[in-house]
Protein chains: 2
Amino acid sequence: MDTARNASVPLYRRVYEIVVQRIVSGELRPGAMLPSETDLGAELGVSQGTARKALIELEQSGVIERRQGRGTFVATTTPESALFHFFRLRRTDGTQAIPEPLEETVRKRRGTAKEVAVLGCDKGSSVFEIARVRSIDGRLVSRETSILQARLFPGIGDRGPLPNALYTLYQQAYGFAVVRAEEKLRAVPASEAIASALEIAEGTPLMEVERRALDITGRVIEFRLSLYVTDDLSYNVTLK
Amino acid sequence: MDTARNASVPLYRRVYEIVVQRIVSGELRPGAMLPSETDLGAELGVSQGTARKALIELEQSGVIERRQGRGTFVATTTPESALFHFFRLRRTDGTQAIPEPLEETVRKRRGTAKEVAVLGCDKGSSVFEIARVRSIDGRLVSRETSILQARLFPGIGDRGPLPNALYTLYQQAYGFAVVRAEEKLRAVPASEAIASALEIAEGTPLMEVERRALDITGRVIEFRLSLYVTDDLSYNVTLK
DNA sequence: AAGTGGTCTAGACCACAAA
DNA sequence: TTGTGGTCTAGACCACTTT
C-alpha cells in the first residue's frame, strides 16, 4: 500500500479497488476463495480491521460473499440467483413464478443508434439480438429481447439453445458478472406482432421493462426490453 | 447494557434497538441530535466502536443521518425527500417529474377485508380513504388512493387541503416515519371511471402500483393503490 | 479551539465449518 | 484441531463544522 499517494482516499477504499481489479483481471475468478482478512491485510500492509472494512463493503456491493467459518469468495451467479434476483415477477399470491423459455431466436446485426449509445460501443458496431418467449404455469407471459455487443460475446449465436438464466452464461462463458440493473417500467398496449406472439388481444396492457444490466465497473453488458402479461402476475419491488 | 442476558445477540444490535426505541417512543424526535459516538457508548456501557457500528447500521436503515463535524440526527422526512424518494416516475429523458395534486377527497369508512388485513387492524375497523388526482407538466397522470387506519390518524379528514407529500404529514402531525415501501406493479386497462377521471380513453394501459408503506417497526402505515399514465413517463428502479 | 464523525491500528476472544 | 469470519475494546489521529 505504499505506491499510491495519499490524496485523502481511505485505505480501505484502495483495498476495495485492488480486490475489484483482481476480479476484473481474472486473477480471481467467480467462486474463488479470497485470502483471509488477516492475510489480505498483511499482504497489502494494512491492519486486519481495514481489510475487513473493505471486504464488508465488497460484500454489500454484491461482489463477494462471506460465510463465517468458511471464508470469503468471489460472488457466483448461480442459475437460481441470476434468474430470481433480477426476475421480479411473482404470482398475485406472492409466490415465486418460474419462467420457462419456449421460443428463442438469436441473430447478429448492426446496432441501432440507441443500442450502441446504451452499450457504449462505436456507431455501426455489430450486436447480437436474443429474442425469447417465455411461459409461466403453461401460459405465455413474456417476450424479451436482449442486445449484446457482438465483440464481447463471440460465438454466442452458435451455441444452440441458451440456458434459462442468460446471466449465468455471460459469467461462465464470457466472464461478465451482472451485479446491478437499472430498469424503466411502463404500461403499453400490445402491438399486433406482440399480440400474436403471446396469443393475446391486440391492445392488451403489457408491462414494458427496459433494462440496463451492469457489471462491477459500471459498463452496460446487456440492454434488454421485456414485455410481460401481468394478468396473474405482478412485478415486485422494495424501496428503502 | 447489563440488564439483558446475552442470548448471542451482538452488543451493537442491542444499541441499535435501544436507539430505535427512543425514536419510536418520541424521546428522540425527527431532526433531534443524538449523543456523540463516545457519549452514547459511555452511557450504554459499550465502547465507542460498538456504538459507532450501531449508528452506521441505523444510518444504512435510513433511520438517522450522520454528517462529519456536525453530528448524528434522527432522519427527517422533508417534503422533497418524501416526495422523490418514494416517487419513482421520471420523464422519458430521465429528468425528475414534479407531480401536482389537482383534486382531493378524504372520507372515512369501514375498511374492506383486504384493507384491514394489510393494515393489520381489527375486522370492521374504520379507515380514512384519501383519493387524489395528480398532473405533471399540465397533463393528468395519476389517481392515487391511500388507506390509513382511522385510529392512528385522528382528524386527518378535517385539515383541509393536504400537502403534496403525505409522508411528511404522517411524520410531523402523527409521528409515523415511512422508511420502507413494498410495491407490486402491474399493467392494467383503464376502467370507465378511471378513464373519465384522467380524461383518457377507456382501456388505455395504466401502470398499477400497490404499495405498502412501512415504519421502523415494520408496521404498515399506509396502503396505497396508484394508477399512472405512462405515455411520457416511466417508473425507474435499480436492482442490486 | 472545541466537538463531531471518519479512519486506522493492534490485539483479544467468540462462533462456526471443515478436516 | 485449525482456520475462518464476527464481535468488542482502547486508543490514536485526521477531517470537517461550528463557535
Side-chain angles (χ1 to χ4, degrees), chain A residues 1-20 22-23 28 30-76, chain B residues 1-20 22-23 28 30-76:
Chain A
M1 294 306 289
D2 40 16
T3 54
R5 296 280 71 78
N6 186 319
S8 80
V9 45
L11 268 182
Y12 70 81
R13 199 54 192 162
R14 287 194 232 161
V15 175
Y16 181 108
E17 294 301 340
I18 287 171
V19 174
V20 167
R22 289 188 183 174
I23 295 172
L28 286 171
M33 185 173 176
L34 274 70
S36 72
E37 297 176 352
T38 314
D39 292 351
L40 182 63
E43 182 197 344
L44 300 180
V46 303
S47 72
Q48 168 269 340
T50 299
R52 176 176 177 75
K53 172 134 190 174
L55 291 174
I56 287 175
E57 298 218 339
L58 281 162
E59 184 179 34
Q60 290 174 339
S61 306
V63 177
I64 62 174
E65 292 169 1
R66 325 192 71 207
R67 294 254 290 280
Q68 183 175 100
R70 295 213 1 139
T72 301
F73 305 84
V74 180
T76 305
Chain B
M1 294 305 292
D2 40 16
T3 54
R5 295 281 71 77
N6 186 319
S8 81
V9 46
L11 268 183
Y12 70 82
R13 201 50 192 161
R14 287 195 232 160
V15 175
Y16 180 108
E17 294 301 340
I18 288 171
V19 174
V20 167
R22 290 187 183 174
I23 295 173
L28 286 171
M33 184 172 175
L34 274 70
S36 70
E37 297 176 352
T38 314
D39 292 352
L40 182 63
E43 181 198 343
L44 301 180
V46 303
S47 72
Q48 168 269 339
T50 299
R52 175 176 177 76
K53 172 134 191 174
L55 292 174
I56 287 175
E57 297 218 340
L58 282 161
E59 184 179 35
Q60 290 172 341
S61 306
V63 177
I64 62 174
E65 292 170 0
R66 324 192 71 206
R67 292 254 291 279
Q68 182 174 104
R70 295 213 22 171
T72 301
F73 304 85
V74 181
T76 306

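In what follows, every heavy atom counts, from backbone to side chain, and hydrogens, waters and symmetry copies are set aside. In what follows, chains are A, B, ... by sequence order, proteins preceding strands, each numbered from 1. Keep in mind the model is a prediction, meaning the values are calculated, not measured.
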Which whole-number value in Å describes the distance from B:Ile56 CD1 to C:dG5 P?
-> 11 Å

Nearest listed nucleotide, side chain of A:Gln68, among C:dT7, C:dT9, D:dG6 = D:dG6

Of all heavy-atom pairs linking B:Ala75 and B:Pro30, the shortest is O-CB, 3.8 Å

Quickly work out the A:Asp39 CG to D:dG3 C1' distance and round it to whole Å.
-> 10 Å

Closest non-hydrogen atom pair between A:Ser61 and A:Tyr16, with its separation | OG-OH, 2.8 Å

OP1, OP2 of C:dT7 versus side-chain N and O of A:Thr50: anything below 4.0 Å?
-> no

What's the closest nucleotide to the A:Leu11 side chain, out of D:dT9, C:dT4, C:dT9?
-> C:dT9

Look at the side chain of A:Glu37 and decide which nucleotide, out of D:dG6, C:dT9, C:dT7, has an atom nearest to it.
-> D:dG6

Looking only at side-chain atoms of A:Arg70, point me to the closest of C:dT4, C:dA18, C:dT7.
-> C:dA18

If you look at every strand shown and take non-hydrogen atoms under 4.0 Å, does A:Thr38 touch a base, only sugar-phosphate, or nothing?
-> nothing

Calculate the interatomic distance between B:Glu57 atom CD and D:dG6 atom C1'; express it in whole Å.
-> 12 Å

State which of D:dA15, D:dT4, C:dC8 makes the closest approach to the side chain of A:Met33.
-> D:dT4

Could you check whether B:Arg52 gets within reach of a base, just the sugar-phosphate, or nothing at all, counting any heavy atom under 4.0 Å?
-> base

Whole-Å distance separating the CD atom of B:Glu59 from the P atom of C:dT4 | 17 Å

Roughly, in whole Å, what's the span from CD in B:Glu65 to P in C:dG5?
-> 14 Å

By nearest-heavy-atom nucleotide on DNA chain C, the more 5' of A:Arg67 and A:Arg13 is A:Arg13

Value in whole Å for how far the C1' atom of C:dG6 lies from CZ of B:Arg66 | 9 Å

Between C:dT9 (P) and A:Lys53 (NZ): distance, integer Å | 12 Å

What heavy-atom pair brings B:Glu57 and B:Arg13 nearest, and what distance separates the two atoms?
-> OE1-NH1, 3.9 Å

Nearest non-hydrogen partners of B:Leu44 and B:Arg22, listed with the distance = CD2-NH2, 4.0 Å

Of A:Gln48 and A:Gly71, whose nearest nucleotide on DNA chain D comes first from the 5' end?
-> A:Gly71

From C:dG5, D:dT9, C:dT7, pick the nucleotide closest to the side chain of B:Ser47?
-> D:dT9

Whole-Å distance, A:Tyr12 OH to D:dC14 C1', equals 13 Å

Out of C:dT7, C:dG5, D:dT7, which has the shortest distance to the side chain of B:Thr72?
-> C:dG5

Of all the heavy-atom pairs spanning B:Pro35 and B:Glu43, show the shortest one and how long it is.
-> CG-OE1, 4.3 Å

